[in-house]
Number of protein chains: 4
Amino acid sequence: MSEQNEKWLKELMMLAEGSDNIKTEKQARIVEAAIEIFSEKGFAAASTSEIAQKAGVAEGTIFRHYKTKKDLLISIAGPIAVKMAAPFLMREFASKILDLPHEQFRDLLRTIAKDRLQFVRDHFKLLRILIHEIPFQPELLEQTKALFKEIVLKRMEEIIIHFQKKGQVIEAPPWRILRTTASIFIGMVGTRLLLMPDEDIDEDEEIERTLDLIMYGLSPKPKEEQPRST
Amino acid sequence: MSEQNEKWLKELMMLAEGSDNIKTEKQARIVEAAIEIFSEKGFAAASTSEIAQKAGVAEGTIFRHYKTKKDLLISIAGPIAVKMAAPFLMREFASKILDLPHEQFRDLLRTIAKDRLQFVRDHFKLLRILIHEIPFQPELLEQTKALFKEIVLKRMEEIIIHFQKKGQVIEAPPWRILRTTASIFIGMVGTRLLLMPDEDIDEDEEIERTLDLIMYGLSPKPKEEQPRST
Amino acid sequence: MSEQNEKWLKELMMLAEGSDNIKTEKQARIVEAAIEIFSEKGFAAASTSEIAQKAGVAEGTIFRHYKTKKDLLISIAGPIAVKMAAPFLMREFASKILDLPHEQFRDLLRTIAKDRLQFVRDHFKLLRILIHEIPFQPELLEQTKALFKEIVLKRMEEIIIHFQKKGQVIEAPPWRILRTTASIFIGMVGTRLLLMPDEDIDEDEEIERTLDLIMYGLSPKPKEEQPRST
Amino acid sequence: MSEQNEKWLKELMMLAEGSDNIKTEKQARIVEAAIEIFSEKGFAAASTSEIAQKAGVAEGTIFRHYKTKKDLLISIAGPIAVKMAAPFLMREFASKILDLPHEQFRDLLRTIAKDRLQFVRDHFKLLRILIHEIPFQPELLEQTKALFKEIVLKRMEEIIIHFQKKGQVIEAPPWRILRTTASIFIGMVGTRLLLMPDEDIDEDEEIERTLDLIMYGLSPKPKEEQPRST
DNA sequence: AATGAATGAGCCTTCATTCAT
DNA sequence: AATGAATGAAGGCTCATTCAT
């Protein structure tokens with residue numbers, strides 16, 4: 001990792017902590033209310049007066065803490081992307097994983113998937129806001145794009161290459177492998193949270209079956225030994 | 001397919017045609033301008049006066065054709081979901097496909113993927129609007145949800161089951177197979193159009209390699225014969 | 001007069017007419033109300049809602065005609081300076097006056113004074129606004145400064161020099177003569193309108209006596225013939 | 001001078017000292033900042049928070065010393081008018097001057113002009129504020145008006161009459177003589193400070209030439225002896 | 001005396017919508 | 001069908017002032 005990237009990382013870590021410079025209790029209430037309302041009606045359709053009301057503060061109080069409504073949005077939505085990528089930001093992320101000698105690629109995917117799935121559930125509204133406003137807020141767009149291109153993609157590439165060398169993953173461009181795998185999980189989460197928020201299913205089982213698809217695809221194995229779990 | 005669904009289908013077909021009840025040239029210009037601006041700034045942040053200006057009509061003219069701003073949105077974004085699902089709406093969709101005796105599942109995926117990919121490219125802005133406004137417009141949400149659950153999912157399930165019987169697709173719940181496959185393609189399109197809109201790559205090749213992943217997964221084949229297409 | 005000045009003059013004449021692009025009756029009422037309120041409380045302390053109310057229109061109507069509150073101010077205060085200087089803008093101003101063979105300098109001063117005094121009375125509120133806002137509106141400042149330096153001063157200099165040659169005015173820098181004379185009249189008007197608005201006095205007489213002071217100063221004439229008019 | 005006036009005078013003297021009841025260093029900084037900002041943007045457009053910031057104090061601190069923003073203005077702009085008129089407030093002003101046996105009226109004018117011109121230069125921003133706010137603050141208006149009508153005008157009338165008796169000044173209503181003279185000097189100062197703040201000229205010379213105009217007017221002397229100073 | 005977070009009224013401006021022409 | 005002036009509600013934001021610390 002280049003020196004420049006080192007510096008970048010630090011900034012990112014700070015940004016990730018950024019959401020925590022909430023000093024007063026009122027400010028916390030404002031942020032909470034803003035998350036609720038932004039996620040419900042979208043940034044543009046949300047009104048500061050409604051946020052103030054929900055937060056139980058005067059409208060002016062919002063503007064004491066955030067210079068503009070957009071400031072409030074950025075301070076809320078900005079750090080969440082970094083947090084989403086946080087595991088990949090740890091300097092030792094790749095090395096740690098690669099050191100575990102008998103680790104299977106599948107196990108790695110499972111770990112990441114479960115962890116991030118939990119994160120998504122914990123920060124659903126925030127991520128909703130982020131995703132929705134990214135196209136309209138160049139700051140968010142650039143920051144998030146860079147984060148995933150420079151950090152997540154790079155780290156995952158190292159790992160994928162590692163497992164390719166170990167013969168656990170086919171030879172294909174790492175980015176395509178990452179894209180496909182990520183898409184499948186995102187699709188899983190999206191379906192779960194958006195289309196069927198109420199149905200409750202055995203999630204571990206679902207993840208396992210999805211891992212099957214990722215690892216072995218749709219085409220049935222020629223004949224005998226299918227190493228699939230039931 | 002139930003009787004009720006039959007009726008539904010008709011409505012949908014009409015809805016799909018709905019965008020075509022554009023009578024005057026000015027109305028067409030309004031729609032065009034609205035698509036441009038909605039997709040650029042989002043529905044809530046777009047102003048009817050800006051639309052009117054871009055369309056070269058008076059502000060009042062918009063409201064002669066559409067009762068409200070939201071009306072305009074719905075009349076634009078509503079039909080696009082139906083059109084996106086149009087191939088699956090054809091009564092004969094499944095039967096036609098299933099009749100083609102020597103069809104491979106992979107070939108079917110390829111055909112659908114290419115067709116819909118082209119559609120996405122042709123209607124990028126409209127789909128962008130749809131996706132963005134779905135969470136905030138219950139009408140759009142319900143309509144689209146139903147469309148995919150009742151039509152697309154059902155039709156594809158028939159087909160997947162068909163190919164499972166033929167031994168070309170593993171035994172797994174069809175919805176999971178659909179979800180995974182769809183996610184992969186959506187991820188591919190998304191990456192292409194959003195993250196790297198300028199890079200030009202061999203798309204056919206990319207589709208083929210992605211089909212490889214869908215069919216055979218990430219795990220290398222035990223030994224010799226790899227039945228991959230080039 | 002240079003060519004550039006010729007062009008300038010035209011622009012000024014247009015500006016002078018500028019206040020007349022009042023198209024609707026409501027717009028006229030807005031302008032009238034704005035003059036009233038700006039002059040009464042000052043631009044910054046005036047509120048658009050108050051203006052709207054006084055004009056009997058909706059607040060939004062103001063912004064249909066004037067993009068901003070400041071726009072309204074400029075469109076009101078901008079042309080008045082030009083109108084104040086209008087007599088000096090006429091191309092033939094100097095020549096006309098200089099052609100009148102037996103004209104006395106004193107008569108010229110009297111004519112201008114009476115004319116402009118009437119103008120001030122007719123546009124008192126507008127001039128009040130102009131004078132008050134000039135220091136805070138660079139546009140007004142520059143425009144007005146240039147107007148008086150380039151037009152009024154120049155034209156009056158020609159005339160003063162003319163009368164100096166005729167021996168009716170002492171040899172002194174024309175600008176100082178102009179400044180002194182103008183100051184005296186401005187002081188007269190100011191006193192009249194600001195300090196004693198209600199007292200009514202014989203204005204012609206007052207002007208005549210003031211002309212005495214301008215022409216002969218405070219120092220009594222040595223002895224015999226005092227050519228003063230009664 | 002009436003008894004009532006005597007009392008008035010005392011109040012005025014106190015007012016004149018009023019600006020000095022600045023107790024703490026922070027208060028001094030507030031006043032300084034307020035002068036700067038009031039004079040720059042005008043009272044209404046100035047914000048207390050900006051003043052606080054410039055003064056380096058907390059917003060609340062201003063209101064500990066001045067009950068309201070207007071209070072701050074009055075406490076700043078009020079005394080300056082009195083100070084401007086201070087020389088005329090001295091009880092012995094007229095008598096002192098009139099006792100100087102061989103004093104010329106012209107010398108008196110020169111002395112006052114130079115002194116007050118210096119004062120204007122020293123308190124330019126404050127006077128700017130005063131002049132600007134007088135029309136909107138009845139307190140300032142009444143106070144200032146009374147000050148000049150009751151004190152300055154009265155004292156100067158005595159003096160003018162004195163010099164009229166000595167034959168140094170023509171017979172004309174003293175107020176008109178005062179008005180004219182004052183206007184000429186005000187015009188001179190205004191031109192100097194507002195229109196051409198950067199040009200540097202020989203001020204003493206300028207004053208002398210202006211005195212010429214005041215004393216002898218624009219009309220050339222009949223023939224030989226011109227009693228003008230160089 | 002000093003602070004600065006909090007207030008809420010009020011400001012300028014925008015906007016979807018109406019309606020007379 | 002088309003216009004565009006008019007509306008008035010609502011929006012984001014500022015500000016003088018208060019008050020607990």
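Values in this document were obtained by computation on a predicted structure and should not be read as measured data. Numbers restart at 1 for each chain; the letters A, B, ... are given by sequence-line order, proteins then strands.
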Student: Reading 5' to 3' and counting Watson-Crick or G-U wobble pairs with both distances under 3.5 Å, write the dot-bracket notation for DNA chain F, | for bases paired outside the strand.
Tutor: .||||||||||||||||||||
Student: Enumerate the salt bridge (charged side-chain N to carboxylate O under 4.0 Å, His left out) contacts for residues 128-139 of chain C, please, sequence neighbours excluded, ordered by first and then second residue.
Tutor: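 Sorted result for residues 128-139 of chain C: empty, none.
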Student: Considering only side-chain heavy atoms of Arg64(C), which listed nucleotide, dA6(E), dT13(E), dA5(F), is closest?
Tutor: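 The closest nucleotide is dA5(F).
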Student: Using the side-chain heavy atoms of Thr24(D), tell me which of these nucleotides is nearest: dT17(F), dT7(E), dA2(E).
Tutor: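 Per side-chain heavy atoms of Thr24(D), the pick is dA2(E).
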Student: Atom CG of Leu73(D) to atom P of dA16(F): distance rounded to whole Å?
Tutor: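 Going from Leu73(D) (CG) to dA16(F) (P), I get 12 Å.
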Student: Please identify each residue that fulfils side-chain contact (heavy atoms from CB on, under 4.5 Å) with Lys54(C), with sequence neighbours left out.
Tutor: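 side-chain contact (heavy atoms from CB on, under 4.5 Å) check on Lys54(C) returns Ala33(C), Glu36(C), Ile37(C).
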Student: Report yes or no: is the cationic atom of Lys70(A) (NZ for Lys, CZ for Arg) under 6.0 Å from the centre of the six-membered ring of Phe43(A), at an angle within 45° of the ring normal?
Tutor: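 Judged by the rule, Lys70(A) and Phe43(A) form no cation-pi pair.
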Student: Asp71(B) versus Thr68(B): any side-chain heavy-atom pair under 4.5 Å?
Tutor: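 They are in contact (side-chain heavy atoms under 4.5 Å apart), so the answer is yes.
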Student: I want to verify a distance call: between dG4(E), dT17(E), dA2(F), whose nearest atom is closest to the Glu59(B) side chain?
Tutor: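 Nearest to the side-chain atoms of Glu59(B), counting from C-beta on, is dT17(E).
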Student: Take Glu25(D) and Lys69(C), find for each the nucleotide of DNA chain E with the closest heavy atom, and name the residue whose nucleotide sits nearer the 5' end.
Tutor: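 Nearest-nucleotide comparison on DNA chain E picks Glu25(D).
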Student: Could you check how far CD1 of Ile30(B) sits from P of dA1(F), rounded to whole Å?
Tutor: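 These atoms are roughly 11 Å apart.
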Student: Please lay out, stage by stage, how Leu130(D) and Phe38(D) fare under the test side-chain contact (heavy atoms from CB on, under 4.5 Å).
Tutor: CA-CA 10 Å; Leu130(D) 175 67; Phe38(D) 283 162; over 6 Å; no
Student: Parallel, tilted or perpendicular: which describes the rings of Phe136(D) and His132(C), with under 30° parallel and over 60° perpendicular?
Tutor: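 Judged by the thresholds at 30° and 60°, the geometry between Phe136(D) and His132(C) is tilted.
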Student: What is the distance, to the nearest angstrom, from the OH atom on Tyr66(D) to the C1' atom on dA1(E)?
Tutor: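 The answer, rounded to whole Å, is 14 Å.
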Student: Among dG12(F), dA6(E), dT13(E), which is the nearest nucleotide to the side chain of Lys26(A)?
Tutor: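 From the listed options, dA6(E) comes nearest.
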Student: Provide, to the nearest angstrom, the distance between the CG atom belonging to Leu72(C) and the P atom belonging to dT13(E).
Tutor: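 Computing the Leu72(C):CG to dT13(E):P distance gives 10 Å.
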Student: For Glu59(D), what residues pass the salt bridge (charged side-chain N to carboxylate O under 4.0 Å, His left out) criterion, not counting sequence neighbours?
Tutor: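 Scan of Glu59(D) (salt bridge (charged side-chain N to carboxylate O under 4.0 Å, His left out), adjacent residues dropped) gives Arg64(A).
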Student: In residues 36-53 of chain A, which residues come under 4.0 Å of DNA chain E by heavy atom?
Tutor: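 Nothing qualifies; none.
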Student: Any sub-3.5 Å donor-acceptor pair from Gln143(C)'s side-chain atoms to Gly78(C)'s backbone N or O?
Tutor: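 Side chain of Gln143(C) to backbone of Gly78(C): a pair is present.
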Student: It should be established whether Lys70(D) places a side-chain nitrogen or oxygen under 4.0 Å from OP1 or OP2 of nucleotide dA16(F).
Tutor: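 False: Lys70(D) side-chain N/O out of range (4.0 Å or more) of dA16(F) OP1/OP2.
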Student: With His65(B), which residues qualify under side-chain contact (heavy atoms from CB on, under 4.5 Å), at least two apart?
Tutor: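 With neighbours one apart ignored, the set is Thr24(B), Gln27(B), Ile30(B), Thr61(B).
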Student: Can you check the Ile62(B) CD1 to dG4(F) P distance for me, whole Å?
Tutor: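 Interatomic distance, CD1 of Ile62(B) to P of dG4(F): 13 Å.
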Student: What's the closest nucleotide to the Thr61(C) side chain, out of dA6(F), dC13(F), dA2(F)?
Tutor: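 Nearest listed nucleotide: dA6(F).
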Student: Name the residue closer to the 5' end of DNA chain E, choosing between Val57(D) and Lys67(C) according to the nucleotide with the nearest heavy atom.
Tutor: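 Counting from the 5' end, the first nearest nucleotide belongs to Val57(D).
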Student: I want to verify a distance call: between dT3(F), dA16(E), dT17(F), whose nearest atom is closest to the Phe63(B) side chain?
Tutor: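 Nearest listed nucleotide: dA16(E).
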